[in-house]
*Asks:* 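This is the structure I want to talk about, given as structure tokens.
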Amino acid sequence: MRVSRLFSHTLKELPSEAQVESHRLLIRGGFIQQLAAGLFGYLPLARRVMNKIEAILHEEMQKIGGQEVTMPVILPSDIWKDSGRWYQIGAEMSRFTDRKDHEMCLAMTHEEALTDLARKIVKSYKQLPLLVYHVQTKWRDDPRPRAGLIRVREFTMKDSYSLDTDWEGLDKQYRAHYQAYFNIFHRCGIPVQAVTSDTGMMGGKLAHEFMYLTEIGEDTIITCPSCGYTANRQVAVSRKEPLPGEEPKALEKVHTPGCKTIEDLAAFLSIPREKTAKAVFFMAEIAGTSEETEEKLVMAIVRGDMELNETKLANAVKAKEIRPAREEEIEAVGAVPGFASPRGIKDALVVVDDLIPESSNLVAGANETDYHLVNVNYGRDYQAALVTDLVAAGEGDRCTRCGASLKAAKAVEVGNIFKLGTRYSESMGCVFQDKDGDTKPVIMGSYGIGVGRLMAAVAEEHHDKDGLIWPVSIAPYQVYLIRINDTQDDLPCEKADGLYEELLEQSLEVLYDDRDERPGVKFKDADLIGLPIRLTVSKRSLEAGGVEFSVRGTGEKRVVPLEKVLEEVKETLFTLFQELQAKVVPQEYRD
RNA sequence: CGGGAUGUUGCCUAGUGGCUAAGGCGCCUGCUUUGGGAGCAGGAGAUCGGAGGUUCAAGUCCUCUCAUCCCGACCA
């Protein structure tokens with residue numbers, strides 16, 4: 001491809017909207033154009049990167065037995081009603097009616113569509129196991145797209161779906177994906193960590209997320225440097241140390257004027273925060289099987305020194321959505337914000353962290369302004385509907401497995417794998433007959449990787465002050481060939497044109513900067529676009545004996561005789577591929 | 001959905017109620033130049049996001065609205 005014909009152009013100045021480096025460089029390099037919030041056009045350079053990423057996805061999926069399909073991008077409501085998600089998912093799903101007034105939606109994922117295909121095709125255990133996948137556009141009306149391609153509304157995703165007769169089969173396919181995902185990310189030149197995660201709207205039993213660690217990430221992962229425990233903060237657990245046991249003492253009401261926070265309270269009473277119980281209120285929408293959802297006030301109690309994990313709470317009460325409760329909603333059940341206590345409230349779902357029953361004589365609210373209760377004991381003074389782990393793990397907490405100090409890090413989720421189990425097969429009637437003639441639901445898994453997000457993550461990982469540095473496996477082209485024009489001498493142009501033809505004949509992917517521009521412009525653009533190899537043909541290089549050869553990111557430059565350039569390019573590309581391939585190794589499975 | 005910020009030509013910006021909205025980049029024409037975003041000359045390109053209002057006078061002040069970005073909520 002000649003740069004003079006390329007459908008894009010580079011920018012000298014930083015686009016003011018772009019805040020993160022991957023976004024800036026992809027715009028400046030002429031890879032993408034934004035159309036609206038979370039909506040992008042992908043220009044030829046980006047398209048080629050994504051084609052290569054997709055080719056890797058196809059290869060790794062087919063290696064583990066995947067068969068490619070295409071499903072509609074517009075789906076009828078019926079199948080979503082079958083699974084129940086029509087009612088569970090909110091505004092993130094875009095719905096509309098067709099001309100016949102049928103309810104439809106834009107596919108935000110394809111579990112239902114795939115399960116529908118499977119229930120029509122799979123009849124017998126003899127057909128299983130199966131692995132079906134697709135690479136398609138999905139739409140999620142995210143309330144807040146951000147950071148360029150990291151979080152968008154319309155995106156291309158590789159989704160695969162495994163179908164098995166039993167849990168052992170699922171486990172096998174799940175582990176196959178676990179390994180395939182590491183292969184994919186390593187082939188794309190990006191380091192990832194697999195962490196256990198929340199199953200979110202997918203439902204199901206177990207999930208891993210593949211995390212690329214970066215400051216711009218919006219997920220937090222918790223890792224143990226000692227034993228290797230890693231989890232998304234949404235589900236991470238830490239060791240909770242109970243205080244030394246005490247005999248329950250008599251309940252006592254004390255005057256605590258203006259003490260609305262745990263800090264105020266602990267300071268006023270001169271007690272450690274561990275001796276207090278914190279009450280946090282949420283409104284939870286409990287999902288039903290129909291359009292009716294019940295909104296209920298949830299009162300969560302954790303020890304004063306600990307932080308509530310909202311995901312754990314939402315999962316504990318099986319809520320579709322939770323949001324902080326408003327003051328009047330709290331007051332409606334008889335509680336007093338700032339001085340709230342589970343004692344004597346009505347019509348609220350009380351959920352207590354499992355450390356609370358082991359903690360005696362805590363200070364809690366009195367449900368009366370400016371008063372708290374001292375020596376509150378779970379069981380004696382109040383009861384809860386649920387007792388479970390509600391506490392957020394954080395930096396410095398103790399690992400539950402080995403006791404070492406946990407670390408927290410920011411990350412971007414570039415892939416996920418879910419053990420769905422029978423979540424969709426049961427609700428949608430995707431069943432098969434086993435050897436004994438029994439009818440059983442298919443055991444399913446679902447596995448996703450976002451193509452654009454992966455490209456952005458690679459851009460985030462591989463760049464320097466001058467521009468992008470694409471890993472050879474997904475670079476839009478392999479070679480950036482520069483010709484430096486000379487008004488006195490046609491030879492550099494002729495040699496460069498000739499070299500371009502030769503590179504093409506050898507099926508090498510080359511971007512040829514044939515523009516009538518000054519050298520500086522071409523060098524800057526070459527750095528910005530970030531192809532692995534740069535070749536420069538100029539009067540100077542010819543006088544020095546050939547073509548200047550440099551590898552992006554190394555700073556190294558040397559002159560290679562014209563007749564050896566093709567060989568040198570091939571060898572270098574091979575070496576670069578080898579370096580990436582060296583990272584594709586078996587991974588230990590952790591859950 | 002809450003909080004904050006910003007909308008001036010394809011991009012980056014100036015313009016602090018007063019003449020024909022200014023500059024740089026990019027683009028077009030010509031000349032010159034050719035190893036790290038050149039120079040000279042000429043040119044095209046804006047109903048200042050939109051609507052309403054205040055005023056003798058609005059890019060500038062007010063109201064509403066739309067859009068985008070950031071933080072939070074949410075989410076893969």
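The shown structure was predicted, so the numbers you read here are calculated from the model rather than taken from an experiment. Side chains included, hydrogens not; waters and symmetry mates left out as well; all remaining heavy atoms used. Chain naming here is simple, since letters A, B, ... match the order of the sequence lines and numbering starts at 1 in each.
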*Asks:* Show me the protein contacts with nucleotides 3-8 of chain B, counting only N or O atoms at under 3.5 Å.
*Replies:*
none

*Asks:* So, does A:Q34 get its side chain near the phosphate of B:C69, meaning an N or O under 4.0 Å from OP1 or OP2?
*Replies:* yes
*Asks:* Less than 4.0 angstrom from a charged side-chain N to a carboxylate O is my criterion; do A:E111 and A:R85 meet it?
*Replies:*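 Looking at A:E111 and A:R85, the cut-off is met.
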*Asks:* Do any side-chain atoms of residues 179-186 of chain A form donor-acceptor pairs under 3.5 angstrom with protein atoms, and if so which ones, sequence neighbours left out?
*Replies:*
unit_1	atom_1	unit_2	atom_2	d
A:Q179	OE1	A:Q587	N	2.7
A:Q179	NE2	A:N183	OD1	2.8
A:Q179	NE2	A:V585	O	3.0
A:Y181	OH	A:K158	NZ	2.8
A:Y181	OH	A:Y447	O	3.3
A:Y181	OH	A:G448	N	3.0
A:Y181	OH	A:G448	O	3.3
A:N183	ND2	A:E60	OE1	3.4
A:H186	ND1	A:F182	O	3.2
A:H186	ND1	A:K583	O	3.1

*Asks:* What is the pairing partner of B:C27, taking Watson-Crick or G-U wobble pairs with both distances under 3.5 Å in any strand?
*Replies:*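 The base-pairing partner of B:C27, which may sit in any strand shown, is B:G43.
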*Asks:* In terms of side-chain geometry, is the basic nitrogen of A:D142 or A:R140 positioned less than 4.0 Å from the acidic oxygen of its partner?
*Replies:* no
*Asks:* Pick the nucleotide of RNA chain B nearest each of A:G450 and A:R540; which residue has the one closer to the 5' end?
*Replies:* A:R540
*Asks:* Report the relative orientation of the aromatic rings in A:Y589 and A:Y174; use parallel for angles under 30°, tilted for 30 to 60°, perpendicular for over 60°.
*Replies:* perpendicular
*Asks:* Please classify the nucleic acid contact of A:R534 as base, sugar-phosphate, or nothing, using heavy-atom distances under 4.0 Å.
*Replies:*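 Base contact.
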*Asks:* OP1 or OP2 of B:C75 sitting under 4.0 Å from any side-chain N/O of A:R153?
*Replies:*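 No, A:R153 has no side-chain N/O under 4.0 Å of OP1/OP2 on B:C75.
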*Asks:* If B:C74 has a Watson-Crick or G-U wobble mate with both distances under 3.5 Å, name it; if not, just say none.
*Replies:* none
*Asks:* For A:K524, check side-chain contact (heavy atoms from CB on, under 4.5 Å) against everything at least two apart and list the hits.
*Replies:* none
*Asks:* Of the candidate nucleotides B:G35, B:G37, B:C11, which contains the atom at the shortest distance from the side chain of A:I484?
*Replies:* B:G35
*Asks:* For A:I27, report the nucleic acid contact type (base, sugar-phosphate, nothing); a contact means any heavy atom under 4.0 Å.
*Replies:* nothing
*Asks:* Looking across every strand, which nucleic acid part, if any, lies under 4.0 Å from A:Q488 by heavy atom: base, sugar-phosphate, or nothing?
*Replies:*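 Result for A:Q488 = nothing.
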*Asks:* Is any side-chain nitrogen or oxygen of A:T10 closer than 4.0 Å to OP1 or OP2 of B:G37?
*Replies:*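 For B:G37, neither OP1 nor OP2 has a side-chain N or O of A:T10 closer than 4.0 Å.
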*Asks:* Pick base, sugar-phosphate or nothing for A:R515, based on heavy-atom distances below 4.0 Å to the nucleic acid.
*Replies:* nothing
*Asks:* Closest approach to the side chain of A:K557, judged atom by atom: which nucleotide of B:G36, B:U34, B:C74 is it?
*Replies:* B:G36
*Asks:* Considering heavy-atom distances to RNA chain B, does A:E154 or A:N485 have its closest nucleotide positioned more toward the 5' end?
*Replies:* A:N485
*Asks:* Is the charged tip of A:R2 near the ring of A:Y512: under 6.0 Å from the six-membered ring centre and within 45° of its axis?
*Replies:*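 No - A:R2 does not lie over the ring of A:Y512 by the 6.0 Å and 45° rule.
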*Asks:* Base, sugar-phosphate or nothing for A:T487? Non-hydrogen atoms, less than 4.0 Å.
*Replies:* base
*Asks:* Could you tell me which nucleotide pairs with B:U16 by Watson-Crick or G-U wobble geometry, both distances under 3.5 Å, or answer none if nothing does?
*Replies:* none
*Asks:* Pairing check on B:G59: which nucleotide meets the Watson-Crick or G-U wobble criteria with it, both distances under 3.5 Å?
*Replies:*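 WC or wobble partner does not exist here.
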*Asks:* When you check the gap from the basic side-chain N to the acidic O, do A:E548 and A:R558 get nearer than 4.0 Å?
*Replies:*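 No.
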*Asks:* For a quick check of understanding: with a heavy-atom distance under 4.0 Å over all strands, which category does A:R453 fall into, base, sugar-phosphate or nothing?
*Replies:*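 If one applies the 4.0 Å heavy-atom cut-off, A:R453 turns out to touch a base.
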*Asks:* If you measure from the Lys or Arg side-chain nitrogens to the Asp or Glu carboxylate oxygens, is any gap between A:E21 and A:R24 under 4.0 Å?
*Replies:* yes
*Asks:* Taking a pair as Watson-Crick or G-U wobble with both distances under 3.5 Å, which nucleotide is matched to B:A67?
*Replies:* B:U6
*Asks:* Between the base of B:C74 and the side chain of A:R151, is there a donor and acceptor pair under 3.5 angstrom?
*Replies:* yes
*Asks:* Does A:K12 have a side-chain nitrogen or oxygen under 4.0 Å from the phosphate oxygens OP1 or OP2 of B:G26?
*Replies:* yes
*Asks:* Tell which nucleotide pairs with B:G35, taking only Watson-Crick or G-U wobble pairs whose two distances are both under 3.5 angstrom.
*Replies:* none
